[in-house]
Every structure is written in structure tokens, then in C-alpha cells.
Amino acid sequence: MNAENNAEFFMRAAIDQAKLAAKMGEVPVGAVIVKDGEIIAAGHNRRETGKNALLHAELSAINSACEILQGWRLWQCELYVTLEPCPMCAGAIINARIPDVFFGAYDKKAGSCGSVISLFDYPYNHKPRLRGGVLEEECSALLSIFFKELRKNKT
């Protein structure tokens, strides 16, 4: 499997996590962490159900990966997430030393990997490699459908 197929394969796993979030009434964002070509951790948005601003998909996946690997440095891992990371998640990615980040949809309101700001471009002690737009249409559609339904149900 080539790099493009790998990115799509793992992003589809993140999309599955996003769909789990949507079923819970959460904004459909999902993430997986991969080490040596295998998914070792996954997470999805749980802010509403958990009543906690920290329960983003990326943070849940990073937390699980740290527990599994018994350490906070995820320097041998890749992160796949359906939505461009926010500033909090971008900071966690930098602090966890994740070398490669792949995301699907761009977030024009809070994206911190190019849309609003590029935190990875600042001179922190770690600079992840970044690839946005992986299965962008599919990731964006999940969010669009979710918010369309949410608006429809409010009227």
C-alpha cells in the first residue's frame, strides 16, 4: 500500500470515530493514532456528553496512546483526524512530539494548522509534518450534514 492509500485507510478509521460521535449527538470529529502501520488508539468528540471542553477527539486519542505506550512522547506515531486541529489540540500534538499529522476538513473558524493560524510554523521545540485535505469532501460532508440536522431540529 502506498502513502496515499495509507492516509486514506487511516482517515477512514478516523471517519468511523467521527460517526460514533455523531450518533451520540456530538460534533462528528474522530481521530486515530498509528504506530508501525497499526492503529493503537482512537478517539472522538465527547464534549457535550462529558460536559468537558477538553474532550476533543485528538486529546482522547493522544491520552489513550500515552497510556498504551506508557509514555508521553509519541515520536513514532502518526495522527489522523477528520477536522483541522484547534489551538489546544495543536499544542497537545507539539507537546506529545507527534511527527506526522494528517487531517481531513479545514476549519476556517478555529483551525490552527493553516486556516486561522499555523502553530506548527512557530519555533517550538517540535515541528510536526502536516498534510491537510485527506478525504476532505467526506470529512466536510459529515460536519455539514450534522449541523444542517441540528439547525433543522432547533426550528
Side-chain angles (χ1 to χ4, degrees), residues 7-35 38-74 77-120 122 124 126 128 130-155:
E8 290 183 6
F9 176 82
F10 293 123
M11 188 60 71
R12 290 197 191 288
I15 288 169
D16 288 343
Q17 287 294 312
K19 289 177 181 177
L20 288 174
K23 286 181 183 174
M24 297 170 57
E26 296 278 356
V27 175
V29 179
V32 297
I33 294 187
V34 174
K35 181 178 183 285
E38 293 191 28
I39 296 170
I40 62 162
H44 54 272
N45 249 2
R46 294 181 295 119
R47 290 186 304 171
E48 297 299 328
T49 53
K51 309 279 188 251
N52 187 327
L54 301 177
L55 296 180
H56 286 213
E58 300 96 311
L59 296 184
S60 294
I62 289 169
N63 186 59
S64 293
C66 289
E67 288 176 1
I68 289 164
L69 297 176
Q70 298 183 345
W72 61 270
R73 292 177 190 91
L74 302 179
C77 299
E78 301 166 347
L79 171 69
Y80 295 81
V81 60
T82 59
L83 182 63
E84 179 182 355
C86 72
M88 175 177 65
C89 293
I93 291 163
I94 291 167
N95 281 300
R97 310 295 196 269
I98 297 172
D100 294 289
V101 177
F102 301 82
F103 71 85
Y106 288 83
D107 185 349
K108 301 297 181 197
K109 294 181 179 179
S112 295
C113 296
S115 290
V116 175
I117 194 168
S118 297
L119 285 180
F120 295 168
Y122 284 83
Y124 293 108
H126 176 70
L130 183 65
R131 178 163 167 227
V134 178
L135 299 178
E136 180 179 3
E137 288 180 19
E138 198 170 332
C139 293
S140 293
L142 280 173
L143 291 158
S144 295
I145 291 166
F146 176 83
F147 285 113
K148 182 178 179 180
E149 289 295 315
L150 192 64
R151 286 188 297 275
K152 186 172 93 176
N153 291 336
K154 283 189 175 183
T155 58

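Every heavy atom of this structure was used, including side-chain atoms; hydrogens, water molecules and symmetry mates were not. Along the sequence shown, the residues carry numbers beginning at 1. The structure displayed is predicted, hence computed values, not measured ones.
Atom CD in Gln70 sits 10.0 Å away from atom CD1 in Ile68 (nearest 0.5 Å). Atom-to-atom distance recorded for Glu67:CD and Ile40:CD1 is 11.5 Å, nearest 0.5 angstrom. To the nearest 0.5 angstrom, Ser144 atom OG is 11.0 Å from Glu137 atom CD. Considering CG of Leu59 and SG of Cys86, their distance stands at 7.0 Å, rounded to 0.5 Å. Rounding to the nearest 0.5 Å places CG of Leu135 at 6.5 Å from CE of Met11. The distance from atom CD of Glu38 to atom NZ of Lys35, rounded to the nearest 0.5 Å, is 9.5 Å.
Judged by distance alone, with hydrogens and angles left aside, the side-chain atoms of Thr82 form no donor-acceptor pair with the main-chain N or O of Ala14 at under 3.5 Å. Side-chain atoms of Glu84 come within 3.5 Å of backbone atoms of Asp107 as a donor-acceptor pair (strictly under, hydrogens ignored).
When all heavy atoms are compared, the tightest approach of Ala22 to Pro28 is CB-CB, 3.9 Å. Cys113 and Ser118 get closest at one heavy-atom pair: C-OG, 4.1 Å. Taking all atoms of both residues into account, the shortest heavy-atom contact from Leu83 to Glu58 is O-OE2, 4.1 Å. The heavy-atom pair separating Ala41 from Ala65 by the smallest distance is CB-N, 3.6 Å. Among all heavy-atom pairs drawn from His126 and Ile93, the shortest one is CD2-O, 4.3 Å. Among all heavy-atom pairs drawn from Ser64 and Ala42, the shortest one is OG-O, 4.3 Å.
Applying the side chain to side chain contact (heavy atoms under 4.5 Å, CB included) test to Ala57 and every residue at least two apart in sequence or in another chain returns Val29, Ala31. By the salt bridge (charged side-chain N to carboxylate O under 4.0 Å, His left out) test, Asp16 is found to be paired with no residue, residues two or more places apart in sequence or in another chain being considered. For Glu138, the salt bridge (charged side-chain N to carboxylate O under 4.0 Å, His left out) test picks out Arg12, with sequence neighbours left out. For Ala21, the side chain to side chain contact (heavy atoms under 4.5 Å, CB included) partners two or more places apart in sequence, or in a different chain, are Glu26, His44, Asn45. By the ring-ring contact (aromatic ring centres under 6.0 Å, His included) test, Phe103 pairs with Tyr106, sequence neighbours left out. In this view, Ala141 satisfies the side chain to side chain contact (heavy atoms under 4.5 Å, CB included) rule with no residue, not counting sequence neighbours.
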Could you go through Cys77 and Leu69, starting from their C-alpha distance and side-chain angles, then the distance that decides it, and tell me whether this counts as side chain to side chain contact (heavy atoms under 4.5 Å, CB included)?
CA-CA 10 Å; Cys77 299; Leu69 297 176; 3.9 Å; yes
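Looking at Ile94 and Tyr122, their side chains never come closer than 4.5 Å, going by heavy atoms from C-beta outward. Inter-residue side-chain proximity for Val134 and Phe10 is flagged as unmet; no heavy-atom pair is nearer than 4.5 Å. Inter-residue side-chain proximity for Cys89 and Val81 is flagged as unmet; no heavy-atom pair is nearer than 4.5 Å. Two residues are said to be in side-chain contact when any heavy atoms from C-beta on lie closer than 4.5 Å; Phe147 and Val27 meet this criterion. The side-chain heavy atoms of Ile62 and Ile98, taken from C-beta on, include a pair separated by under 4.5 Å. Side-chain contact between Leu143 and Cys139: absent, with no pair of heavy atoms (C-beta onward) separated by less than 4.5 Å.
The side chain to side chain contact (heavy atoms under 4.5 Å, CB included) test with Leu79 is passed by exactly one of Val32, Val34, Ile33, Leu74: Ile33.
Ring pair Phe102/Tyr80 is parallel by interplanar angle, where below 30° counts as parallel and above 60° as perpendicular.
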